[in-house]
Protein chains: 2
Amino acid sequence: MPASRPHPDHPAVICTVDVVLLTLSAGQLQVVLHQRPQEPFAGSWALPGGYIHAQRDESAWHAAARVLQDKAGIVSPYLEQLATYAGPRRDPRGWSVSIVYFALVPEDLLPPDRPGLKRFAVSSLPRLAFDHRDIVELAVARVRSKSQYSSLPVYLCGDQMTLPQLQAVYEAVLGEPVNKVSFRRKIEELGMLEPVEGAQETGQAHRPAQIYRLKPAFQRTLSVVPRGLNA
Amino acid sequence: MPASRPHPDHPAVICTVDVVLLTLSAGQLQVVLHQRPQEPFAGSWALPGGYIHAQRDESAWHAAARVLQDKAGIVSPYLEQLATYAGPRRDPRGWSVSIVYFALVPEDLLPPDRPGLKRFAVSSLPRLAFDHRDIVELAVARVRSKSQYSSLPVYLCGDQMTLPQLQAVYEAVLGEPVNKVSFRRKIEELGMLEPVEGAQETGQAHRPAQIYRLKPAFQRTLSVVPRGLNA
DNA sequence: GGAATAGTGTCTCTAAGACAGTATCTA
DNA sequence: TAGATACTGTCTTAGAGACACTATTCC
């Protein structure tokens with residue numbers, strides 16, 4: 001960090017946050033994109049994002065949370081920093097910095113698609129503005145990677161779930177089947193779920209599944225195991 | 001990313017890069033710090049860093065590389081993005097963004113300590129300026145974590161090394177002993193080293209060790225294994 | 001030859017995966 | 001009762017660690 005000049009005489013860089021908002025729908029990882037109303041890239045789909053508001057934002061995390069609330073009405077999701085993209089050519093308006101976060105939300109907390117805000121399967125993205133396709137791909141890779149050894153995918157579920165449901169979520173995120181016995185051993189080892197006493201998923205023509213919920217201590221915190229699912 | 005205004009009317013944020021420059025010396029992970037000549041935090045030790053130069057820097061990575069070259073004379077080290085710290089209170093001059101990189105270099109590429117530039121063991125840091133202590137601790141945690149399943153520590157070695165030397169480097173980074181047989185299996189699996197034909201470390205009163213070098217394909221690229229050293 | 005460390009073969013132990021059994025619901 | 005899926009016990013298999021043995025150097 002430099003020693004001189006409170007506000008340097010270097011030309012200002014454009015300083016923004018962008019959010020890769022991910023959800024699981026119909027067994028597919030999907031990303032919520034926003035259609036740009038203006039140049040540059042008018043009409044293209046892009047990540048929801050915005051300038052940092054130096055007067056209001058307490059941190060880059062808070063700026064990302066504000067963007068999510070403004071553009072998608074989402075409050076207090078799981079929101080983690082992904083990476084920062086910066087350079088002179090990614091935005092035609094000038095040297096730009098984008099601090100990128102990713103968020104995971106259960107499908108039922110998302111607003112329905114509307115003009116200018118739409119979900120896309122990450123496996124078939126449209127043409128995206130700026131370098132946003134690279135960013136989405138990095139976010140998906142990060143989520144897949146962390147899902148192998150952590151409780152990250154629980155943030156794609158509602159607050160209660162059965163183990164078969166959670167296993168299906170892991171399988172959708174990882175893109176491959178998971179051994180049932182090993183999966184249950186891992187979840188036990190992660191120690192983040194507790195059974196909801198007496199609550200079972202009824203109404204189906206087979207043995208009902210026990211319903212679990214996140215222990216309060218893990219509401220905002222990941223749990224990790226030393227060895228992953230070996231997927 | 002916002003739709004409006006090429007250069008927004010929001011007050012400019014201070015936009016910098018900082019580098020956590022790490023090396024291994026006397027079996028200890030050490031960080032190179034720079035003594036601030038001016039306010040704020042005049043006289044305190046801080047990470048080497050500097051403003052982004054929008055006229056010259058091709059990217060944040062290039063800005064970090066430039067800082068390393070200017071302040072420590074280091075060229076083309078292993079340099080990876082760590083995280084971005086941002087907020088209104090971390091720098092008394094205003095809302096600031098610091099894109100932080102970490103670098104690993106062999107000890108013999110470092111310039112010797114001089115007034116204003118000094119190495120500190122990461123286990124006994126002095127009082128640091130800004131939030132730089134948190135940043136160093138995150139960098140060390142990241143390096144430890146990645147070392148469990150990747151070839152990251154080879155960048156702390158010179159271009160040639162023996163397996164016992166490399167094992168000692170891993171043990172110093174991880175802070176605990178590593179099983180020799182497992183270690184050699186992992187290195188074999190990583191597939192990044194090749195023996196230097198006929199080259200052995202001589203001069204010691206025991207069987208000489210084979211000398212290895214990084215395969216050219218891995219000069220700038222990490223190699224990873226699915227399961228780590230289980231340390 | 002002795003001391004020291006390099007390098008390797010192999011056994012043990014832990015953890016992941018496969019498989020099959022029992023449990024419990026609806027129709 | 002038949003069919004379906006939840007859940008669990010246990011065997012198999014793969015990989016990590018422990019241990020010991022051989023190899024090669026200097027003194």
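Note on naming: letters A, B, ... go to the chains in the order of the sequence lines (proteins, then strands), and numbering restarts at 1 for each one.
Separating the CZ atom of A/Arg184 from the P atom of C/dG17 is a distance of 15 Å, rounded to the nearest angstrom. To the nearest angstrom, P of D/dA6 lies 9 Å from CD of A/Gln165. Atom-to-atom, CD of B/Gln200 to P of C/dT5 comes out at 17 Å; the value is rounded to the nearest Å. Distance A/Phe183 CZ to D/dA6 C1': 14 Å, rounded to the nearest Å. Computed from coordinates, the B/Leu163 CG to D/dT24 P distance equals 17 Å when rounded to whole Å. What separates CG of A/Leu166 from C1' of D/dC7 is a distance of 15 Å, to the nearest Å. One can place CD of A/Glu171 at 12 Å from P of C/dG17, the figure rounded to the nearest angstrom. For A/Tyr149 and C/dA15, the OH to P distance is 20 Å, given to the nearest whole Å.
No hydrogens or angles considered: nothing links the side chains of A/Glu201 and A/Gln210 as a donor-acceptor pair under 3.5 Å. In summary, the side chains of B/Thr23 and B/Gln30 do not present any donor paired with an acceptor at a separation below 3.5 Å, with no hydrogens or angles considered.
With hydrogens and angles ignored, the 3.5 Å screen pairs no side-chain donor or acceptor of A/Arg66 with any backbone N or O of A/Asp57. Between the side chain of B/Thr84 and the backbone N or O of A/Ile99, no donor-acceptor pair lies under 3.5 Å. Without hydrogens or angle criteria, A/Lys71 side chain to A/Gly49 main chain gives a donor-acceptor distance under 3.5 Å.
The B/His206 side chain lies nearest to C/dA6 when the options are C/dG17, C/dA6, D/dA4. Counting only heavy atoms from C-beta on, B/Lys186 has its side chain closest to D/dA16 among D/dA16, D/dA6, C/dT24. Comparing D/dA6, C/dG17, C/dG7 by their closest approach to the side chain of A/Asn179 singles out C/dG17. Checking D/dA6, C/dC19, C/dG7 against every side-chain atom of A/Val181, the shortest atom distance belongs to C/dC19. Between D/dC26, D/dT8, D/dA16, one nucleotide has an atom nearer to the side chain of A/Lys180 than all others, and that is D/dT8.
Applying the 3.5 Å distance criterion, the base of C/dG17 shares a donor-acceptor pair with the side chain of A/Arg185.
Nearest-nucleotide assignment on DNA chain C puts the 5′-proximal partner with B/Tyr212, out of A/Pro208 and B/Tyr212.
At the heavy-atom level, A/Gln210 lies under 4.0 Å from the strands shown only through sugar-phosphate atoms.
A/Arg207 has no side-chain polar atom (N or O) that falls below the 4.0 Å cut-off from OP1 or OP2 of D/dA4.
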